[in-house]
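Numbers restart at 1 for each chain; the letters A, B, ... are given by sequence-line order, proteins then strands.
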Protein chains: 2
Amino acid sequence: MAYTIGKLAKAAGVTLETIRYYQRKGLIEEPAKPLQGYRLYPAQTVQRLRFIKRAQQLGFTLKEINELLFLDSGHCEDVRRLAEQKLHQIEAQISSLTALHGALQDMVSGCGSAETDNRCSVIDALSKNGAT
Amino acid sequence: MAYTIGKLAKAAGVTLETIRYYQRKGLIEEPAKPLQGYRLYPAQTVQRLRFIKRAQQLGFTLKEINELLFLDSGHCEDVRRLAEQKLHQIEAQISSLTALHGALQDMVSGCGSAETDNRCSVIDALSKNGAT
DNA sequence: GTAAACTCTGGTCTATAGAACAGAGTCAAG
DNA sequence: CTTGACTCTGTTCTATAGACCAGAGTTTAC
């Protein structure tokens with residue numbers, strides 16, 4: 001099953017502009033244009049677009065996603081090395097988000113109860129040194 | 001104690017450009033320029049800059065930070081609401097990252113052993129439905 | 001009292017991630 | 001076989017978060 005760009009966009013839940021942008025950036029391949037007619041995208045491009053969107057939601061930049069995508073086609077050893085690198089990044093990201101979560105939670109729970117002066121404790125907490 | 005912009009920048013660990021940018025964006029107040037001479041910034045601006053930087057590290061955009069700062073002079077409830085909103089965002093982000101971590105880990109451990117075809121299946125693992 | 005260092009204003013420039021548009025070509029349905 | 005929908009290429013525009021630069025004025029240190 002093949003898609004024209006509009007169908008592809010609809011199937012993947014992105015806009016035409018996004019697809020073209022990703023092509024320019026090398027995140028997805030631009031199928032050769034038939035000498036007359038429209039480009040046709042293979043079904044797997046839908047998956048790829050979804051992958052990109054998901055990874056983006058997870059806080060990866062397009063540049064990082066591009067790297068991740070390259071993992072798919074390289075030698076298994078390179079793949080492994082890069083993937084492990086990514087894993088460490090993700091671990092770090094999770095733990096810093098977890099710390100942030102705790103800090104914010106503390107702030108929120110202090111809020112409303114510990115207003116010694118007329119300022120919010122959330123602001124106070126953020127101005128000092130707390131979560132890393 | 002008052003700071004010229006350069007001292008302020010050094011004290012807060014930001015650049016002059018950052019300070020000016022924040023002024024343009026209304027995140028910090030631009031002191032009136034004495035008819036002859038340089039602007040002088042009150043010491044509390046250092047705190048404010050640190051607050052901004054800190055909040056930024058915690059994933060707030062300048063726009064959100066501006067809101068937080070604005071709300072500082074308002075009701076604590078509003079600040080709380082914003083912080084709670086952010087809290088939920090962070091929770092979602094953590095769980096997505098955790099899912100991604102699991103998927104990547106599976107891939108890394110399968111890599112080298114389970115290459116049924118000649119792909120290391122990152123895309124496979126993540127293009128389906130896993131992390132939301 | 002001059003030179004180095006700093007500040008001022010205002011503009012341009014960068015990267016990221018697209019959105020919007022113009023004018024042409026192409027396809028599909030009635 | 002024409003009209004409306006879609007696609008093509010290329011360019012410009014947006015927002016975010018600053019960085020950088022030039023030429024002028026100001027301050028500080030020697």
From the set [options], return the single nucleotide nearest to any side-chain atom of [X].
{"X": "A/Q56", "options": "C/dA17, C/dA19, C/dT9", "answer": "C/dA17"}
{"X": "B/R39", "options": "C/dA19, D/dG18, C/dT9", "answer": "C/dT9"}
{"X": "B/R24", "options": "C/dC6, D/dG18, C/dT26", "answer": "D/dG18"}
{"X": "B/Y21", "options": "C/dC6, D/dG18, C/dT26", "answer": "D/dG18"}
{"X": "A/T15", "options": "C/dT7, D/dC20, C/dA19", "answer": "C/dA19"}
{"X": "B/I5", "options": "D/dT27, C/dA20, C/dC8", "answer": "C/dC8"}
{"X": "B/K33", "options": "D/dT7, C/dG18, C/dT9", "answer": "C/dT9"}
{"X": "A/T61", "options": "D/dG18, C/dA17, D/dC8", "answer": "C/dA17"}
{"X": "B/R20", "options": "D/dA17, C/dA19, C/dT9", "answer": "C/dT9"}

Over how many whole Å does the gap from [X] atom [atom1] to [N] atom [atom2] extend?
{"X": "A/K7", "N": "D/dC8", "atom1": "NZ", "atom2": "P", "result": "13 Å"}
{"X": "A/E30", "N": "D/dG10", "atom1": "CD", "atom2": "P", "result": "10 Å"}
{"X": "A/E17", "N": "D/dT9", "atom1": "CD", "atom2": "C1'", "result": "13 Å"}
{"X": "B/L8", "N": "C/dC8", "atom1": "CG", "atom2": "P", "result": "11 Å"}
{"X": "B/L35", "N": "D/dG25", "atom1": "CG", "atom2": "P", "result": "15 Å"}
{"X": "B/Q23", "N": "C/dT7", "atom1": "CD", "atom2": "C1'", "result": "12 Å"}
{"X": "A/Y3", "N": "D/dC6", "atom1": "OH", "atom2": "P", "result": "17 Å"}
{"X": "A/L16", "N": "D/dA5", "atom1": "CG", "atom2": "P", "result": "15 Å"}

Quiz item: So which one's nearest nucleotide on DNA chain C is more toward 5', A/I52 or B/G6?
Solution: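 In this pair, the answer is B/G6.
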Quiz item: With no angle test and no hydrogens, is the base of D/dC6 tied to the side chain of A/Y38 by a donor-acceptor pair under 3.5 Å?
Solution: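 Per atom types, the contact qualifies.
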Quiz item: Closer than 4.0 Å, any side-chain N/O of B/T18 to the OP1 or OP2 of D/dA17?
Solution: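 So the side-chain polar atoms of B/T18 never come under 4.0 Å of the phosphate oxygens OP1 or OP2 of D/dA17.
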Self-check item: Donor-acceptor side-chain pairing of A/T98 and A/S95 below 3.5 angstrom
Solution: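 A/S95 and A/T98 do not have a side-chain donor-acceptor pair below 3.5 Å.
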Quiz item: Quick one: are A/Y41 and A/V46 in side-chain contact, heavy atoms under 4.5 Å?
Solution: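 No; the side chains remain at least 4.5 Å from each other.
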Practice problem: Check every strand shown and say whether A/K25 touches a base, only sugar-phosphate, or nothing at a heavy-atom separation below 4.0 Å. | Solution: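 The answer is nothing, as A/K25 stays clear of every strand by at least 4.0 Å.
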